[in-house]
Amino acid sequence: METVKRQYWKILSIILLIYTVYAGFNGQVPRQPILNETIRNLYFHVTMWFTMIFLLGTSVYHSIQYLRKSDLKSDLISSAYVEVGMVFAILGLITGSVWAKFTWGDWWTNDPKLNSVAIGLLIYLAYSLVRSSMPDEMQKARISSVYNIFAFVIFMVLIWILPRMTDSLHPGNGGNPAFSKMDLDNRMRMVFYPAIIGWTLLGFWIAQLRIRIKNIEQQNEL
């Protein structure tokens with residue numbers, strides 16, 4: 001039954017992503033100054049961040065579960081979700097950099113949100129270093145679980161709260177207006193929302209594969 005459910009979600013994610021890619025490149029979009037055709041990146045760049053947040057939030061849930069039950073399986077699952085979440089974070093950074101080049105004129109601008117994301121990635125890089133530096137499994141699980149919870153909170157502050165408190169080029173931040181009905185019209189919403197679901201399902205599917213690989217590696221070590 002569980003295998004059937006996984007296959008169902010996998011097929012659904014593939015269908016949604018095929019639709020996203022096709023409609024994303026061929027569908028009608030509003031013609032706005034500066035943005036022009038680059039607004040299509042909304043289906044890819046922004047959805048990567050949504051997927052990353054869902055994955056990292058799930059990892060925090062499993063970190064809390066480990067601290068409650070001291071079950072190493074929860075720690076294994078949590079670390080897998082962090083790893084996949086960081087992949088989507090990097091993809092979000094790359095797609096954002098491409099977007100910045102064509103709208104702001106540079107691959108990397110001195111924007112608080114961009115700088116905050118870079119800091120957040122370094123925080124999670126330190127998470128990986130913490131895990132790899134501890135041979136004792138219980139100690140590694142306990143310390144990295146606590147670290148993961150605080151890292152997620154700090155990361156959310158960096159990318160959601162701080163950019164809204166200062167000047168930012170990003171829509172909806174620092175007094176800059178968010179995407180409105182003139183930019184994100186109903187035609188785009190018909191692609192944007194399925195894109196969020198499709199990329200998120202893909203992220204969770206990859207995380208499940210990563211968990212299975214980690215389980216096999218753990219069994220081989222034993």
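Here the structure is a predicted model, which is why all the values come from computation and not from measurement.
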Q: According to side-chain hydrogen bond (donor to acceptor under 3.5 Å, both in side chains), who are the partners of S13, at least two apart in sequence or on a separate chain?
A: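 None.
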Q: For L17, what residues pass the side chain to side chain contact (heavy atoms under 4.5 Å, CB included) criterion, not counting sequence neighbours?
A: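 For L17, the residues satisfying side chain to side chain contact (heavy atoms under 4.5 Å, CB included) (neighbours in sequence not counted) are W199, L202.
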Q: Do D75 and R131 have side-chain heavy atoms sitting under 4.5 Å apart?
A: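 Answer yes - side chains close enough.
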Q: Identify which one of L158, I159, I154 satisfies the side chain to side chain contact (heavy atoms under 4.5 Å, CB included) criterion when paired with M156.
A: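 Exactly one candidate clears the test, I159.
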Q: Other than I18, which residues form its hydrophobic cluster under the rule that side-chain heavy atoms must be closer than 4.5 Å?
A: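 Traced through the cluster, I18 reaches I14.
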Q: Mind checking ring-ring contact (aromatic ring centres under 6.0 Å, His included) for F54 and listing every partner two or more places apart, or none if nothing turns up?
A: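 Expected list: none.
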Q: Might you work through the side-chain contact (heavy atoms from CB on, under 4.5 Å) test for V98 and F102, ending with a clear yes or no?
A: CA-CA 7 Å; V98 172; F102 287 95; 4.0 Å; yes
Q: Looking at S74, is its backbone amide N or carbonyl O close enough to the side chain of H62 to form a donor-acceptor pair, meaning the two atoms are under 3.5 Å apart?
A: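 Not a single qualifying donor-acceptor pair exists.
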Q: Examine distances only and state if a side-chain atom of S59 and a backbone atom of V82 form a donor-acceptor pair shorter than 3.5 Å.
A: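 No; zero donor-acceptor contacts below 3.5 Å.
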Q: Would you say that L55 contacts V87 through its side chain, given a criterion of any heavy-atom pair below 4.5 Å between the two side chains?
A: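 L55 vs V87: side chains apart.
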Q: What residues, two or more places apart in sequence or in another chain, satisfy side chain to side chain contact (heavy atoms under 4.5 Å, CB included) together with W108?
A: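 Applying side chain to side chain contact (heavy atoms under 4.5 Å, CB included) to W108 gives L93, L114, N115, A118.
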Q: Please report the shortest heavy-atom distance between S63 and S78, naming the atom on each side.
A: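 Looking at all heavy atoms of both residues, the shortest contact is OG-OG, 2.8 Å.
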Q: Less than 4.5 Å apart, side chain to side chain, heavy atoms only: is that true for F44 and T20?
A: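 When only atoms from C-beta onward are counted, T20 and F44 do touch, with a gap below 4.5 Å.
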Q: Working note: L91 + M52, criterion side-chain contact (heavy atoms from CB on, under 4.5 Å); need CA distance, chi angles, decisive distance, verdict.
A: CA-CA 10 Å; L91 290 174; M52 174 202 72; over 6 Å; no
Q: For Q139, what residues pass the side chain to side chain contact (heavy atoms under 4.5 Å, CB included) criterion, not counting sequence neighbours?
A: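 Applying side chain to side chain contact (heavy atoms under 4.5 Å, CB included) to Q139 gives M134, D136, R142, I143.
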Q: Side-chain heavy atoms nearer than 4.5 Å, only ILVMFWY residues, links allowed to pass through others: does that put V191 and F25 together?
A: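 Yes.
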Q: Quick one, Y81 and I77 - any side-chain contact, counting heavy atoms below 4.5 Å?
A: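 Sidechains of I77 and Y81: in contact.
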Q: Using a side-chain heavy atom cutoff under 4.5 Å and only I, L, V, M, F, W and Y, what cluster partners does I94 have?
A: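 I90, listed by chain and number.
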Q: With sequence neighbours left out, which residue pairs that include part of residues 40-59 fulfil the salt bridge (charged side-chain N to carboxylate O under 4.0 Å, His left out) condition?
A: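 Residue pairs with at least one partner in residues 40-59: E37-R40.
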Q: Indicate the atoms forming the closest heavy-atom contact of S97 with W107, along with that distance.
A: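 Where S97 meets W107 most closely, the heavy atoms are OG-O, 2.8 Å.
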Q: Would you name the heavy atoms of N41 and W99 that are closest together and state the gap between them?
A: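 What the structure gives for the nearest pair is ND2-CB, 3.2 Å.
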Q: For residues 65-74, which residue pairs qualify under salt bridge (charged side-chain N to carboxylate O under 4.0 Å, His left out), counting only residues two or more places apart or in two chains?
A: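 For residues 65-74, and leaving out neighbouring residues, there are no salt bridge (charged side-chain N to carboxylate O under 4.0 Å, His left out) pairs at all.
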Q: Quick one: does N148's side chain have a donor or acceptor within less than 3.5 Å of a partner on S144's backbone?
A: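 No, because the side chain of N148 does not come within donor-acceptor range (under 3.5 Å) of the backbone of S144.
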Q: Going by the rule side chain to side chain contact (heavy atoms under 4.5 Å, CB included), which residues pair with L16 if we only count those two or more places apart in sequence or in a different chain?
A: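 Applying side chain to side chain contact (heavy atoms under 4.5 Å, CB included) to L16 gives L12, P194, I197, L201.
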Q: Scan for ring pair (Phe, Tyr, Trp, His ring centres under 6.0 Å) pairs involving residues 110-157, sequence neighbours excluded, and state none if there are none.
A: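 Ring pair (Phe, Tyr, Trp, His ring centres under 6.0 Å) check on residues 110-157 returns Y124-F155.
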Q: For a side chain to side chain contact (heavy atoms under 4.5 Å, CB included) with V84, tell me which candidate from T58, L209, I206 qualifies.
A: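 For V84, the side chain to side chain contact (heavy atoms under 4.5 Å, CB included) check succeeds only for I206.
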Q: Excluding sequence neighbours, so at least two apart, what forms side-chain hydrogen bond (donor to acceptor under 3.5 Å, both in side chains) with E83?
A: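 Result, side-chain hydrogen bond (donor to acceptor under 3.5 Å, both in side chains) vs E83: R210, K214.
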Q: Can you check whether M188 reaches Y193 side chain to side chain, under 4.5 Å on heavy atoms?
A: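 Contact flag for M188/Y193 side chains = no.
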